[in-house]
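Along the sequence shown, the residues carry numbers beginning at 1.
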Amino acid sequence: MPKIWPAALALLTSLFVVASQAYAANDTLRIRLDADARSLDPGTNRDGNTDIVQTFLFEGLVAFREDATVGPMLAKSVELSPDEKTYTFVLRDGLAFSNGSPLTSADVLFAWQRYTDPKTGWRCLPEVDGHGAVKVTNVAVPDDKTVVFTLEKPSALFLATLARPDCGQTGIFHRSSLAPDGSWREPVTTAPYKLGEWKRAQYLDLLKNEHYAPLSSPRDGLTGDKSVQIPMVRFVIIPDEATAKAALMAGNLDLNMNTVWADLAEYKANPQIVTESTATMDLNCFLIQTKDPVLADARVRRAFLLSLDMEQLVDQATFGRGQPNNSPIPTTSVFHKAAQAAVSKRDLPLARKLLSEAKYDGRPIKMITNRNSQAMYDQAVLAQAMARDAGLNIELEVLDWGTQQDRYLSGSYQLVSFSWSARLDPSLSFEMFSGDKTKQVRKVWDNPEALRLLASSSAVSDQAARQAIFDQMEALFRQDVAMIPIFSGVRTSAARANVIGYRGWALGSPRAWGVSFKP
């Protein structure tokens with residue numbers, strides 16, 4: 001076995017190098033993915049990498065901006081009726097699919113009908129059929145440029161749902177994307193790229209769509225000007241971080257969009273590499289089981305919070321890249337205001353006083369964590385040491401990620417060192433952990449008043465009114481201490497120095513439009 005493993009590793013590395021070197025001229029941007037896409041059928045068989053690839057291949061009526069608000073994409077305007085139940089989209093002029101066919105409202109309706117056919121398996125069907133916050137009751141196309149959606153009741157989440165990357169951005173596709181039997185064949189869309197060659201587990205090539213019609217507004221999240229300057233993007237599949245680093249250092253890769261923080265010093269020492277750190281909407285946190293006999297006492301939960309030195313914890317867990325955030329609403333959100341920006345201060349005397357009042361007797365409290373995520377493990381170790389100063393006896397239980405996820409989903413824990421992927425609307429941020437525990441045991445916070453406010457936040461469209469609701473929820477959340485947010489995510493990319501125009505953003509996915517090579 002010792003002789004086989006190095007040989008196998010060398011072979012694997014050579015395959016990655018071949019995949020990345022196949023197009024080494026300045027007509028191809030080579031981006032590393034740590035795993036292949038699962039499917040190019042939008043919003044169905046998906047994961048994070050699949051969503052990334054699909055943002056290059058699909059566009060919907062609307063898209064997320066940098067601050068997670070929703071802006072127009074294929075629609076040039078969106079009009080909301082006075083009763084807030086009817087959305088009228090007017091399509092932009094000059095839009096065409098990659099096969100040259102013009103985009104019409106009939107194509108939007110065709111795509112919508114496929115998305116909402118249960119046989120398609122669209123993951124976001126429950127979000128628009130009444131099982132979630134939205135129920136679309138009718139879609140009409142009065143002319144070639146107009147699409148009218150009617151909802152059963154007002155919802156602040158309708159546009160955000162259409163824009164969600166995990167929903168495939170509800171991307172519009174040409175009928176030729178489907179085989180004669182109605183099954184998915186390949187994407188024929190209005191996006192800046194079209195599909196080239198896909199060699200599974202090695203690389204996936206995307207080619208410039210010559211029929212693409214960009215917006216005139218500046219690049220803004222997944223909307224704005226998405227003009228392509230580099231004719232081809234090659235996603236190179238490199239699961240191993242060390243192999244990816246070696247490929248980037250050797251010039252066989254142009255961009256590693258999500259590096260390991262421990263490698264930053266080595267990247268920074270290389271003049272041929274440029275790094276960039278960007279705050280994302282991911283959230284690292286500690287989950288607390290409020291039904292646990294010890295942690296049911298809010299004084300014990302609050303003592304744990306007060307034992308934490310947030311500045312030191314976040315600085316060490318993120319290698320100096322992150323900033324504390326004790327709100328479920330990420331720092332990059334337009335709804336992250338004064339109430340959300342307050343950071344908890346360490347207060348050991350008060351923590352000890354609360355534990356004394358709660359008659360905490362030093363019994364062990366188990367925190368589960370994993371080594372798959374260095375940040376999740378490190379934040380658990382740091383919190384354990386800090387809590388000890390207040391008199392809390394926290395023991396770590398290190399599991400593999402799958403087992404930890406199962407424990408979280410079943411509610412069988414006391415504390416969990418955890419991380420959530422981005423939720424791009426505050427209502428969704430709160431919804432991911434709020435709910436009736438008797439019906440959904442994975443939920444963390446079940447304050448009835450908070451759940452009432454959460455329902456209201458999903459039905460109100462006015463930004464100021466929503467902000468007021470989120471501020472009320474923030475106050476209740478911090479009072480109950482059912483969960484402790486620590487920091488919003490930070491993603492650090494590393495690119496070759498000849499790559500210009502690349503910039504990360506809050507969603508964390510790479511964007512190749514607006515990117516070029518130095519002459």
Side-chain angles (χ1 to χ4, degrees), residues 64-69 221 258 261 276-288 301-302 304-347 367 369 373-383 386-387 415-434 444-445 450 454 457 466-467 469-492 504-509:
F64 279 111
R65 300 187 181 101
E66 302 275 344
D67 64 359
T69 59
N258 188 17
W261 288 332
E276 180 202 46
S277 294
T278 305
T280 71
M281 291 193 164
D282 297 346
L283 181 68
N284 277 55
C285 56
F286 296 120
L287 310 184
I288 304 175
R301 304 197 299 269
R302 183 158 181 77
F304 177 42
L305 171 63
L306 292 170
S307 74
L308 303 178
D309 183 328
M310 289 294 171
E311 298 284 349
Q312 182 182 359
L313 192 158
V314 174
D315 183 70
Q316 293 189 31
T318 68
F319 288 76
R321 297 286 159 181
Q323 295 294 326
N325 175 34
N326 294 150
S327 173
I329 299 177
T331 54
T332 51
S333 170
V334 69
F335 290 99
H336 191 93
K337 302 296 187 183
Q340 291 73 30
V343 175
S344 175
K345 300 300 182 184
R346 194 182 204 202
D347 190 336
M367 177 187 289
T369 186
S373 165
Q374 190 64 45
M376 272 190 258
Y377 178 75
D378 288 348
Q379 71 194 28
V381 172
L382 291 163
M386 291 176 180
L415 297 173
V416 185
S417 180
F418 205 66
S419 177
W420 264 300
S421 57
R423 303 302 196 269
L424 301 178
D425 183 275
S427 294
L428 299 176
S429 294
F430 277 102
E431 189 278 335
M432 66 185 170
F433 61 85
S434 306
V444 177
W445 192 33
L454 178 58
S457 75
R466 297 190 80 206
Q467 185 71 61
I469 293 171
F470 294 136
D471 288 352
Q472 292 180 64
M473 293 181 70
E474 189 79 32
L476 286 173
F477 174 76
R478 295 189 181 222
Q479 172 185 299
D480 289 350
V481 199
M483 183 180 91
I484 302 175
I486 312 168
F487 60 91
S488 295
V490 180
R491 177 160 290 189
T492 299
W505 70 296
L507 190 60
S509 59

When you measure from the side chain of Gln379 to the backbone N and O of Ser417, does any donor-acceptor pair fall under 3.5 Å? no
For Met386 and Asp309 the tightest heavy-atom approach is SD-N, 3.4 Å
CZ of Arg491: more than 12 outside heavy atoms within 6.0 angstrom? yes
N/O donor-acceptor pair under 3.5 Å between Thr369 side chain and Met376 backbone: yes
Contacts of Phe487 that satisfy ring pair (Phe, Tyr, Trp, His ring centres under 6.0 Å) - sequence neighbours left out: none
On a heavy-atom basis, which atom in Met432 and which in Leu283 lie closest, and how many Å separate them? CE-CD2, 4.1 Å
Show the nearest heavy-atom pair for residues Ala506 and Thr278, with the distance to one decimal. N-CG2, 4.5 Å
Are the side chains of Met281 and Phe64 in contact, using a 4.5 Å heavy-atom criterion? no
Separation between CG (Leu313) and CG (Leu382), nearest 0.5 Å, reads 5.0 Å
Does any part of the side chain of Val490, heavy atoms only, come nearer than 4.5 Å to the side chain of Phe319, both counted from C-beta? no
Main-chain N/O of Gly221 paired with Arg65 side-chain donor or acceptor, under 3.5 Å: no
Could you tell me if the ring centre of Phe433 sits under 6.0 Å from that of Phe477? yes
Do Asp67 and His336 have side chains that approach each other closer than 4.5 Å (heavy atoms only, starting at C-beta)? no
Check whether any side-chain N or O of Gln467 sits under 3.5 Å from a backbone N or O of Phe335 as a donor-acceptor pair, and report yes or no. yes
With no hydrogens and no angle check, is any side-chain donor or acceptor of Arg346 less than 3.5 Å from a backbone partner on Leu306? no
Using 0.5 Å steps for rounding, measure from the CG atom of Leu428 to the CG atom of Leu454. 9.0 Å
Side-chain heavy-atom pair Phe286, Leu308 within 4.5 angstrom cut-off: yes
Using every non-hydrogen atom in the two residues, find where Ala450 and Met473 come nearest and quote the distance to one decimal. O-CE, 3.8 Å
Would you say the side-chain atoms of Arg301 pair up with the backbone N or O of Val481, donor to acceptor, closer than 3.5 Å? yes
Applying side chain to side chain donor-acceptor pair (under 3.5 Å) as the test, list every pair that has at least one member in residues 474-483; sequence neighbours left out. Ser327-Glu474, Trp445-Asp480, Asn447-Asp480, Glu474-Arg478
Report yes if the side chains of Leu507 and Thr280 come closer than 4.5 Å at any heavy-atom pair, otherwise no. no
State the CD1-SG distance between Ile486 and Cys285, to the nearest 0.5 angstrom. 6.5 Å
Approximate separation, where rounding is to 0.5 Å, of Ser457 OG and Gln472 CD: 11.0 Å
In this structure, which one of Asn326, Ile329, Thr331 forms a side chain to side chain contact (heavy atoms under 4.5 Å, CB included) with Gln340? Ile329
For the side chain of Thr318 and the backbone of Val314, is there at least one donor-acceptor N/O pair under 3.5 Å apart? yes
To the nearest 0.5 Å, tell me how far Asn284 CG sits from Phe418 CZ. 10.0 Å
Any side-chain heavy-atom pair of Ser373 and Ser419 under 4.5 Å: no
How close do Pro426 and Ser333 get, counting heavy atoms only, and between which atoms? CG-OG, 4.2 Å
Stepwise side-chain contact (heavy atoms from CB on, under 4.5 Å) test for Asn258 and Thr492: CA-CA 5 Å; Asn258 188 17; Thr492 299; over 6 Å; no
Note: Met310 and Ser344 closest approach over all heavy atoms is CG-O, 3.7 Å
